[in-house]
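To keep things clear, I will list the structure first and then write my remarks on it.
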There are 2 protein chains.
Amino acid sequence: MVAGSATVGRRALAKEQRRQQLIDATIKCIAKKGLSSTTLADVAKEAGLSQGIVNLHFDSKDNLLYETLRYVSEDYDKQFMATYAQTSADPAACLLALIKMDLQPSICDAKKLAVWFAFWSEVKAVPTYQKLCAARERKYDDVLVDLAARIIDDGGYEDADASLVAKALGSLTDGLWLSCLVDPKSFDRQVALNTVKSYLRGIFPDHYLREPTA
Amino acid sequence: MVAGSATVGRRALAKEQRRQQLIDATIKCIAKKGLSSTTLADVAKEAGLSQGIVNLHFDSKDNLLYETLRYVSEDYDKQFMATYAQTSADPAACLLALIKMDLQPSICDAKKLAVWFAFWSEVKAVPTYQKLCAARERKYDDVLVDLAARIIDDGGYEDADASLVAKALGSLTDGLWLSCLVDPKSFDRQVALNTVKSYLRGIFPDHYLREPTA
DNA sequence: CATAACTGAATGAACAATCATTCATTTTAT
DNA sequence: ATAAAATGAATGATTGTTCATTCAGTTATG
């Protein structure tokens, strides 16, 4: 095979890039065939590479799957932290920005969600999944609690509990992810966003009342 | 039948009971080992029966899994409809009762949730799962919309949207299920219930303000 | 009542297919 | 030329499925 431009993705990719290529292929396979029917042959084929390639780069299938979970987790974290960094000065704006982020196609699309749900479903069976997922859960809850507390303090919302608000917001977006995964046809990002906004308006009226319908 | 107490579970069980026994074993296996590592040998062993038993009663593994999904779905539906029937006269009480039900151990326990998440994660891969899950989603959303509309009408909550409230409540409980599954140690049913209650108080104050902390 | 014939549920060994993993060989890059 | 990366055929383990056989419970027969 000559003139490498036609064969981009077959060779000459740095080790880390190849690993990433295989993780991407794994995500596609899990979304397309489900975790329980995803084989290493599927992953290799999806990546356009050969049978033994996964064991070469990840040693084992278990390891590939764990690294895939780590990747989607870090991918989410990067977006979360970037959004947070840009808006954290204003807690109300920050909360809304984080929720908008959660509903963006870069995070909330059926392909990636199928991966999340697959790993969540195995949390009881695979302790390493459990540790990673539980740590995530707590980290983001902590951030939301802090934001909610600052808003409550700022607005004097005396009968609001920051911890409960944080749990509600976190659960709300997780639940919206489920409807995006299960019934993508009738899932509407704008409606989903309005669902959360209506909650925010109800609990923090002074901070979220009558926003421009952006 | 001669005092079959010594041989309970080996013979003399009606066909439907045996199928149910195998479905129960399947649920246990999925919770314990994950869907992707659950084999028919596992299911048979969990049921205390022999290798070929699943094919005898369900023809194939695929069929067993689909029937398992159908069972957990109908099991939920029975509880949902029973709760609804008992409380539907008072929409506010009904809404709260349905949410309490969603958080009860008979529905919200890590074992059953692992099964739900496993099937949800394969919705994109298995059209029959998708159809069943999407239909469920829509059915319960319809009920919640109706209840919310009646409460809005009753209380004159002009700036509340029944459809958004319904989506929020449905997503909220789904999201709480995730935290129950992923981090059962720090999951607290009372806190979960208060999370939803605080939302209801915020949006329907006249109907949910200052309930006794039951 | 006793027992022989019958029914169909259950067994578990055997089979064929699938799959993760290995590795000798080939290809590519330096 | 050397080293690293990738290949793909081979391998052994796992797993869904099949089926001849066993066994419990029922019915028919003497």
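Just so it is clear, the structure is predicted and the values come from calculations on it, not from any experiment. By convention in this document, chain letters (A, B, ...) are assigned in the order of the sequence lines, proteins followed by strands, and residues within each chain are numbered from 1.
For A/I53, the side-chain atoms get nearest to D/dA6 when compared with the rest of C/dG12, C/dA9, D/dA6. Which of C/dA10, C/dC19, D/dT17 sits closest to the side chain of A/T39 comes down to C/dC19. Taking every side-chain heavy atom of A/N55 into account, C/dT21 is the closest of C/dT11, C/dT21, D/dA6. When distances are taken from the side chain of A/L40 to each of D/dG8, D/dG16, C/dA20, the shortest belongs to C/dA20. When distances are taken from the side chain of A/L49 to each of D/dT17, D/dA6, C/dA9, the shortest belongs to D/dA6.
Straight-line distance from the CD atom of A/Q51 to the C1' atom of C/dC23: 13 Å, rounded to whole Å. In this structure, B/D62 atom CG and D/dT15 atom C1' are separated by 13 Å, rounded to whole Å. One atom, CD of B/E16, and another, P of C/dA9, lie 12 Å apart when rounded to the nearest Å. Between the NZ atom of B/K45 and the P atom of C/dT11 there is a distance of 15 Å, given to the nearest Å. In this structure, A/L35 atom CG and C/dC19 atom P are separated by 13 Å, rounded to whole Å. Regarding A/L56, its CG atom lies at a distance of 17 Å from the P atom of D/dA9, rounded to whole Å. Atom NE2 in A/H57 sits about 15 Å away from atom P in C/dT21, given to the nearest Å. Residue B/D59 contributes atom CG, which lies 13 Å from atom P of D/dC19 at whole-angstrom precision.
The main-chain N or O of B/V72 is never found under 3.5 Å from a side-chain atom of B/D75 such that the two would form a donor-acceptor pair. With hydrogens and angles ignored, the 3.5 Å screen pairs no side-chain donor or acceptor of A/S171 with any backbone N or O of A/A168. Under the 3.5 Å distance criterion, the side-chain polar atoms of A/Q21 are matched with a main-chain donor or acceptor of A/A47.
Checking A/R70, A/R136, A/K139 one by one against A/D77, the salt bridge (charged side-chain N to carboxylate O under 4.0 Å, His left out) holds for a single residue, A/K139. Evaluated for a side chain to side chain contact (heavy atoms under 4.5 Å, CB included) with B/L35, the options B/V115, B/T26, B/I30 yield exactly one hit, B/I30.
In this structure, B/R18 does not reach the C/dA9 phosphate: none of its side-chain N or O atoms is under 4.0 Å from OP1 or OP2. Residue B/K15 has a polar side-chain atom (N or O) positioned under 4.0 Å from OP1 or OP2 of C/dA9.
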